[in-house]
Amino acid sequence: MNILAELRQRLRHALESVCDDPDAWCGLVKPAQDPKFGDYQANCAMPLAKRLGANPRELAAKIVAALDIADVCDVPEIAGPGFINLRLRPDFLEREANRVCSDERLGVPAATNPKRIVVDFSAPNVAKPMHVGHLRSTVIGDALYRILGFLGHHVVGDNHVGDWGTQFGMIIFGYKHFLDQAAFARNSVAELARLYRLVNQLSDYHDLREALPAQRAEQARRRDQLQAAEAAPPPADKPALDARKKELKRLHADLAALAEEITAAERKLAAVEADAALAAVAAAHPTIASAAREETARLHAGDPGNLALWRQFIAPCLAAIQTMYDRLEIHFDMTQGESFYQPFLAEVVAELSNRGIARESDGAVCVFVPGATAPFIIRKSDGAFTYATTDLATIAWRVRELRADTILYVVDARQADHFKLLFATAELWGYRDVELRHISFGTILGDDKRPFKTRSGDVVGLESLLDQAVVEARRVVDDGASEDTGESGTAFDAASRDRIAEVVGLGAVKYADLSQNRESDYVFSWEKMLAKTGDTATYMQYACARVGGIFRKAGVERGDVRRQAGAIRLTNPPERELARQLLRYSEALEQAAAEYRPNFLTQYLFDTANCFSRFFESRECAVLKAETEDLRTSRLLLCDLTARILSHGLSLLGIHTLDRM
RNA sequence: GUCUCCGUAGCUCAAUUGGAUAGAGCGUCGGCCUCCGGAGCCGAAGGUUGCAGGUUCGAGCCCUGCCGGGGAUACCA
């Protein structure tokens, strides 16, 4: 049972006698902020009284009188300006706890009207190695996929990989001109990545070199402009003075940004020119950028040679990213990249054009969404389609073939504008029944608060991050963190230690990302990623291992305790707190699903492990040395239920637990 | 220029969408293994929620204006 939902339902009935729109108000039942206010609180009396012109405390009393919850709560208290405080009855808590104990679904009801939800996540560019930037989409998307699935929805996980864009033109060009046969034979993916980087670097080189004189001229112009502005006599009145100050500051900032851009360009140029061989290659291919674009165009036009190369490249690239997913245990129901939608693109453009939704502008075919400044370009002036076109075709396909009710795009916040235009265009096109949602997440920043890079300027590879996390975890295991207990680290054989390190290490990385509110940017820190104390997956895993320890010491199988005749009894505060917390699992999942925010679940799990630790350490809650046999069974059941919920909750985040660690 | 997001404890982040005395973790300081696993527990210090107004019973959250910082902004995805 979802207790919160139940209380809302009860309140709704009570409100029927007070107002004519109870549905609008019953949502104002919330978990209490402070234990002294009870377990839940209804905050509806104040705003409702205002609307009805009544006294809020009197209205609260009226609501309480109409409220039929004697079987669930003690008599409600009315506090402060009109809060209705609800305290769950001990016998209700016991009854529910015992019910959940024997419930496969741990008290979480399945959705009564399941939806068909497509979760579009991860979506790396297959031509490039995965890096930390891919972690958020992958991990958050996977968690949402699992949570929504457990809640009973029909979920389709789709990895919309980038397998058809300009990067393949670059690789094809690189393959034709710079291939190292031996390296390709040894490790095709690494060699393709090298070719991509090389062509990219050379294209940049020429572009930057061409742009540099103009940039320098611009820099000089702005410097003069700034000097002139600074030399001008300061205006007398305050507003004008402020405006001038602001203007000067802006000029300074612009100039600094430009200078930085020029420095970066110079550094890139120098990197090529310092390497004689590289400089020679660059000189030999002055039009490399357009040549690469032409290779892309030929591929898109169906050129047999390029298509054959593309096929040859795509398989090992997909296999390479698959090893990453295997390690992270990320599952997709389909991996349908951009290339899949290629046959539908022309039709999308034709239809939107014919229906007057799109029109030509400067040679490109665009949709001008009312209220938006930038156009949504569905065909470039050179005739090529864009990812806008692909995304539209993808919506059509998912609605037609998958009967999607909802499509979630787990994508970086920087693409918010793109999705706004995409969704608006889809609506103009007639897709009004499908719910399209951008599950946006913030950028990973470095210590300098700018998008994350290592000192060398490269992004941190995903694999090395995972490796380091596992190595770190292995070190803790080898140190024998729990050596005092008689279950020391040294008691584990090498295979067990590897397993523990892998579970703990990967759990730490995933949890660090999931416990963050996805909307906010966050500063990447190895320390945080590798942490094993505090609000970490390790903390929950440790709680599970402690439960395992208790049962080992008791010589009892966890499943057996559940099947025995005993029952949970709540005889003191730590037991009660723990039980109440365990009964909230359903609420936590609903909340996480409603906002598509896994951090609500991590928060719940941390609170739960915390409740358990207090229970575990409390002298009044000894399990094995409980005062009576009944109490011992009751507490064993509480331990078992705690571990089941922690374990299950973590599994929905893609994180394993261990019986011992 | 326009649009958009953000500013919370020394640091990294929460805050149940307008609720009661703003919470965690890390770090710092002080207590806990004669007791089921110390990867733990208990406690302390630490805040004018960037600033100034406004809306109301009530504001970190909503409105206005400033200050500061990201991001996006016509043919890369």
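Below, chain A is the first sequence line, B the second, and so on; all start at residue 1.
Checked by distance alone, A:Asn85 brings a side-chain donor or acceptor within 3.5 Å of a matching partner on the base of B:rA20. Within 3.5 Å, no donor on the side chain of A:Ser515 pairs with an acceptor on the base of B:rA14, nor the reverse.
For A:Gln603, no side-chain nitrogen or oxygen approaches OP1 or OP2 of B:rA14 to under 4.0 Å. For B:rU16, the OP1/OP2 oxygens have no side-chain nitrogen or oxygen of A:Asn43 closer than 4.0 Å. Look at A:Arg660 and you won't find any side-chain N or O under 4.0 angstrom from OP1 or OP2 of B:rA39. For B:rC26, the OP1/OP2 oxygens have a side-chain nitrogen or oxygen of A:Thr533 closer than 4.0 Å. Of the side-chain N and O atoms in A:Arg614, one or more sit less than 4.0 angstrom from OP1 or OP2 of B:rC42. Between A:Ser520 and B:rA14, a side-chain N or O to OP1/OP2 separation shorter than 4.0 Å is present. Proximity of A:Asn517 to the phosphate of B:rA15: a side-chain N or O atom is located under 4.0 Å from OP1 or OP2. Applying the 4.0 Å criterion to OP1 and OP2 of B:rC76, one finds that A:Arg293 has every side-chain N and O outside that range. Distances shown here put a side-chain N or O of A:Tyr539 below 4.0 Å from the OP1 or OP2 atom of B:rC41. In this structure, A:Lys528 does not reach the B:rG25 phosphate: none of its side-chain N or O atoms is under 4.0 Å from OP1 or OP2.
In this model, no donor atom of one side chain and acceptor atom of the other lie less than 3.5 Å apart for A:Gln415 and A:Asp417. When only modelled atom types and interatomic distance are considered, A:Asp535 and A:Tyr511 share a side-chain donor-acceptor pair under 3.5 Å.
Using a 30° and 60° split on the angle between ring planes, A:Trp310 and A:Trp164 fall in the perpendicular class, above 60°.
In this entry the base of B:rC33 is syn relative to its sugar, with a glycosidic angle within 90° of 0.
Between A:Leu624 and A:Asp34, the residue anchored closer to the 5' end of RNA chain B is A:Asp34, taking for each the nucleotide with the nearest heavy atom. Comparing A:Thr538 and A:Gly363, the nucleotide of RNA chain B nearest to each residue sits closer to the 5' end for A:Thr538.
The A:Lys625 side chain lies nearest to B:rC35 when the options are B:rC76, B:rU21, B:rC35. Side-chain atoms of A:Tyr542 lie closest to B:rG38 of the nucleotides B:rG38, B:rC13, B:rG25.
B:rA20 has A:Phe37 stacked on its base ring, the centres lying under 5.5 angstrom apart and the planes within 30 degrees of parallel. Ring-base stacking between A:Phe83 and B:rA20 is satisfied, the centre separation being under 5.5 Å and the plane angle under 30°.
Aromatic ring centres of A:His160 and A:Tyr341: separated by under 6.0 Å.
Atoms CD and NZ, on A:Glu472 and A:Lys532 in that order, are 5.5 Å from each other to the nearest 0.5 Å.
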